[in-house]
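Have a look at the structure below before the remarks.
Indexing begins at 1, ligand by ligand and atom by atom, following the structure's order. Positions are given from 1 along the sequence.
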Amino acid sequence: MRYGRALAALLGAALLLTLAACGPAGGEDGGETASPGGQSQEPQPETRTVLAMDTVMELKAYGDQASEGLARAEEEIVRLEGLFSATREDSEVWAINHAGGIPTLVSQETGELLELSAQLGERTGGALDITIYPVVQAWGFTTGNYRVPEDGELEALLDKVDYTAVVYDRRAGTVTLPQGMELDLGSLGKGYAGTQAAKAMRQAGVTSALLNLGGNVQAIGNKPDGSPWRVAVKDPNQEEGYLGIVELTDQAAVTSGGYERYFEENGQRYWHIMDPATGRPADSGLLSVTVIGADGAQCDGLSTAFFVMGKEAALEYWRTWGGFELVLVEESGTVTVTEGLSSSFTLSDGSAYTLTVAERTP
Ligand code: ADP
Ligand code: MG
């Protein structure tokens, strides 16, 4: 099922020459497709499609260093997938999960991501919990064998969910996880990979590029003409349409929602983001959360956590910690953007949504 999804998406991307596979944060606004006449003086990008981290990634770069930069970005993404994959038996996460409570030596990257996970876990009151993995498995999201677990089963599994039990010893470079627990970095690994791939590209001399890691978008610099990248935020209620456009310069935009990965049973929809308090799909009244900021891993982790926490708690977090901006889409049809986006987010023409701006001091 997972390969099916990725392959279908890849074919879509290849046939339509669009970011068909883009996840929630969508692709770019249509504005920059090459003109049919082919006479334009616009610089043409080099592109690359990468199948990694269980998704389809579309990378594009401009300038003389574009090829070199794309090669380095792909290398970096593939390398990080090799460390973070929960399902590959040669990954570091696999080693941690199967160490039976014994300390496991990990790379600096895995350590860094575990430290961020712990910090975000604490700041979000456990809404982000990387040890939720056994619960995600019970619902069938890791295999495609979807099912609704019994209450008793979920209660028993929740005993194994506690991000504070993950112990990373930075000096020793080891991670210890109690026997029977399992972690997965699916909530922030793609965001981290985007930011690291962007670093690799900048080191290769690339100054203008856009990386779409299955809906986690990472911008490098601006468009070749010097104006900000324009990235579409998907409409959670519409397969095709987009909700609006957000402008990015050297930033990531990461969306979490319940509309991309779900199954239905008895008329009820169940999605892949779990509330660690209940072991059930998060149901906070939000349809999607987009986090925009300089640190892709943080944006990714927060988008997952805020989808669990809901609008008011997300805005409270933003007011307390700052350092990023938000687009919150509610079931009620309201779109709330934080004030830093007031001039860089535009709702689509004729949108059925109502836009409001959240102020830092309400
Ligand atoms: P996507 O991977 O679709 O972009 P997210 O970044 O929101 O979406 O991450 C969702 C993944 O994170 C799930 O597939 C699951 O593996 C894991 N997950 C689900 N709920 C939580 C949670 N509350 N905290 C941490 N990880 C979670
Ligand atoms: Mg996330």
- request: Name the orientation class of the two ring planes belonging to W94 and H98 (parallel below 30°, tilted from 30 to 60°, perpendicular beyond 60°).
  value: parallel
- prompt: Hey, are E75 and R79 close enough for a salt bridge, meaning a charged N less than 4.0 Å from a carboxylate O?
  reply: no
- request: With heavy atoms of S256 as the reference, note each atom of ligand 1 found under 4.0 Å away.
  value: 5 (P), 6 (O), 7 (O)
- line: Candidates A127, G121, S187; heavy atom nearest atom 22 (C) of ligand 1 found on A127
message: Ring centres under 6.0 Å, that's the criterion: do Y192 and F84 meet it?
response: yes
field: ligand 1 contacted by S303 (non-hydrogen, < 4.0 Å)
entry: no
message: Measuring only between side-chain heavy atoms, which start at C-beta, is Y259 closer than 4.5 Å to S288?
response: yes
field: Sole residue of D129, I96, T131 in side-chain contact (heavy atoms from CB on, under 4.5 Å) with V166
entry: T131
- request: Taking the six-membered ring for Trp and the full ring for Phe, Tyr or His, determine whether the centres of W139 and Y270 are under 6.0 Å apart.
  value: yes
query: So, does H272 sit close enough to ligand 1 that a heavy atom of it is under 4.0 Å from the ligand?
result: yes
- prompt: For ligand 1, which atoms sit closer than 4.0 Å to a heavy atom of L128?
  reply: 24 (N), 25 (C)
- request: Only heavy atoms count here, so choose which of M274, K190, Q137 is nearest to atom 20 (N) of ligand 1.
  value: M274
field: Cation-pi check, R261 onto W271 ring (under 6.0 Å, within 45° of axis)
entry: no
- prompt: Looking at W318, is R360 sitting on its ring face, NZ or CZ under 6.0 Å from the six-membered ring centre and within 45 degrees of the normal?
  reply: yes
query: Are any of the N or O atoms of Y133 closer than 3.5 Å to those of ligand 1?
result: no
- request: For ligand 1, indicate whether the residue I273 contacts it via side chain, backbone, both or neither (heavy-atom separation under 4.0 Å).
  value: both
Atoms of ligand 1 close to D129 [distance to a heavy atom under 4.0 angstrom, numbered from 1]: 24 (N), 25 (C), 26 (N)
- prompt: Taking the Mg ion (ligand 2) as the vertex, how big is the angle to OD1 in D300 and O in S187, rounded to 10°?
  reply: 70°
query: Hey, which atoms in ligand 1 end up nearer than 4.0 Å to a heavy atom of P276?
result: 23 (N)
message: Test your reading of the structure: does T304 have an N or O sitting under 3.5 Å from an N or O of ligand 1?
response: yes
message: Is N216 close enough to the Mg ion (ligand 2) that one of its N, O or S atoms comes in under 2.8 Å?
response: no
message: I'd like to know if R171 and D169 make a salt bridge, using a cut-off of under 4.0 Å between side-chain N and carboxylate O.
response: no
